[in-house]
Amino acid sequence: MKKLPEHFIFGGATAAYQCEGATKEGGKGAVAWDDFLAEQGRFSPDPASDFYHQYPVDIELCEKFGVSGLRLSIAWSRIFPKGTGEPNQEGIDYYHAIFKKCQEHHVIPFVTLHHFDTPKALFDQNDFLNRDNIDAFANYAKFCFEEFTEVAYWSTFNEIYPVATNQYLLGVFPPGIKFDFTKIIMCLHNMMVAHAKTVNIFKENGYAGEIGVVHSLETKYANSDSEEDKHAAFLEDALSIRFLLEATYLGRYTEELLGALDEICEAQGATYEFLEEDYIEMEKASHRNDFLGINHYHSHFCKAYKGPNEIYHNGTGDKGTSVYRVNGIAERVYRDDIPRTDWDWLIYPDGLYDLLMRIKKDYPHYKKIYITENGMGYKDDFEDGVIMDAPRIDYLRQYLGALSDAIEDGVNVEGYFLWSLMDMFSWTNGYNKRYGLFYVDFETQKRYPKESAYWYKFVSETKTII
Ligand code: BGP
């Protein structure tokens, strides 16, 4: 039977915009998503899981089900409705109330400062393509460090790579732009500079607690032994994983990485320029990260591809509809020998093991890791309050098993946050892609523990993966 360490944190993860609802309550400012979702007309962010009002219920459930850590994000636009300027006391009070509840129920809050929700006033000024927003973010972060002294674990950003690519490659996040690699690279870099700046502020002011960043790292494999396919996997990896890990842990980009970027830029007609002053900021921060948060759900098998860019995002759960072919980088292929979810996400726990071992080897000063998201999107069946989600339990068992193996082999991982604590909406998929330990009836807002919640409780209490 596989085990996890005695003091391991078994957490649940959430994100403000996906669960709070109340997008127009409490003095909250607008975000670009408000109009983007309204224009699509597919689903609404209100009331979502109504965490804005239901947080006492959810935090109580954490305690009952052995969930000892709660990953949540602060909505920047609740604190500064326009991103900068006067703070909004109602928003501040709301998060203090959440942290108080956490303390009452012995749940440790892990707080992310930005989870896809830049205030609209700043988003409309080109979001992180605009370097002024680097400072706006750092100022907001500093305000939070000084205000929320109850928080001991801070993450700057959630998933810089998906921000850049969903906004400027797939076009499934606002502003809905496709195939613009100049913007992708600029967004990745500027957000990493904002991260570095924030880490440096945190450390130089001696705030108590720990700080890190949450990266989405999806392991890349070549689909065959051919040199072309290996190179395709190398390029995919360079842009989505290595870029961020080098920025985080080296504070600059290696020649090999820059060579990969040049090749991508040539194929896509893109350009980039990085300033020397950014490297100074990044290098200073590169030994100051207390932890790395990893969101990991799946891996990709890559094949060389030259041809027109074609991406179809499966946002409905119609298995087999995904298409991803990007000229001069790679085509992602599905394989009959590897199971996948209805959203075409490969279930391949070796991907997590390999990723963790690689970080230990390539960035030996990483200090420690938290798995800040992992879980399975599934169309749960609700039968009179009973939700038997065996495929999710099976997924979790496999991924926690891979995690236990990596710890056994020397990787320092101190906690795991299951995505998600309760059901909420998925940014590009809506409400039928459920991930929660707790089923939410979105009509009544009643919570129902799924079979996986009882399983997770046992694993958390015994540190044994059954
Ligand atoms: C991560 C995000 C989460 C969450 C999760 C599941 O990328 O940090 O906010 O949404 O993925 O993804 P999805 O909702 O696309 O299924």
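Numbering of ligands and ligand atoms starts at 1, following listing order. Along the sequence shown, the residues carry numbers beginning at 1. Please read all numbers here as calculations on a predicted model, not as lab measurements.
- Taking every heavy atom of Gln18 and a limit of under 4.0 angstrom, the matching atoms of ligand 1 come to 3 (C), 4 (C), 9 (O), 10 (O).
- Contact between Asp290 and Glu210 at its shortest, heavy atoms only, is OD2-CA, 3.2 Å.
- Closest to atom 6 (C) of ligand 1 among all protein heavy atoms lies Tyr435 OH, 3.5 Å.
- In summary, the atoms of ligand 1 found under 4.0 Å from a heavy atom of His115, numbered by their order in the structure, are 2 (C), 3 (C), 8 (O), 9 (O).
- Residue Tyr161 does not touch ligand 1, judged by heavy-atom distances below 4.0 Å.
- Atom 11 (O) of ligand 1 has as its closest protein heavy atom Glu373 OE1, 3.5 Å.
- Geometrically, Lys433 engages Trp345 in a cation-pi contact defined by less than 6.0 Å to the ring centre and at most 45° from the axis.
- Here is the list of ligand 1 atoms found below 4.0 Å of a heavy atom in Ser426: 13 (P), 14 (O), 15 (O), 16 (O).
- The 12-atom threshold is not exceeded at CD of Gln103, counting heavy atoms of other residues, nucleotides or ligands nearer than 6.0 Å.
- Relative ring orientation between Trp419 and His115 is described as parallel, the plane-to-plane angle staying below 30° on a 0-90° scale split at 30° and 60°.
- The protein non-hydrogen atom at the shortest distance from atom 7 (O) of ligand 1 is Glu159 OE1, 2.5 Å.
- Remark: of the listed residues Leu72, Leu70, Ile9, Ile9 is the sole one forming a side chain to side chain contact (heavy atoms under 4.5 Å, CB included) with Phe110.
- Per-residue contacts place Asn158 under 4.0 angstrom from the following atoms of ligand 1 (heavy atoms of the residue considered): 8 (O).
- Heavy atoms of Trp343 stay at 4.0 angstrom or farther from ligand 1.
- At a 3.5 angstrom cut-off on N or O pairs, Thr428 does not count as close to ligand 1.
- Atoms of ligand 1 found under 4.0 Å from any heavy atom of Lys433 (numbered from 1 in listed order, with element): 13 (P), 16 (O).
- Taking the six-membered ring where the residue is Trp, Phe137 and Tyr140 present perpendicular rings, their angle passing 60° and hence far from 30°.
- Note on ring orientation: taking the six-membered ring where Trp is involved, the planes of Trp33 and Trp427 are tilted (angle from 30° to 60°).
- Figure legend: Arg340 and Tyr334 shown as a cation-pi pair, the cationic atom lying under 6.0 angstrom from the six-membered ring centre and within 45 degrees of its axis.
- The protein atom (non-hydrogen) at minimum distance from atom 15 (O) of ligand 1 is Asn429 ND2, 3.3 Å.
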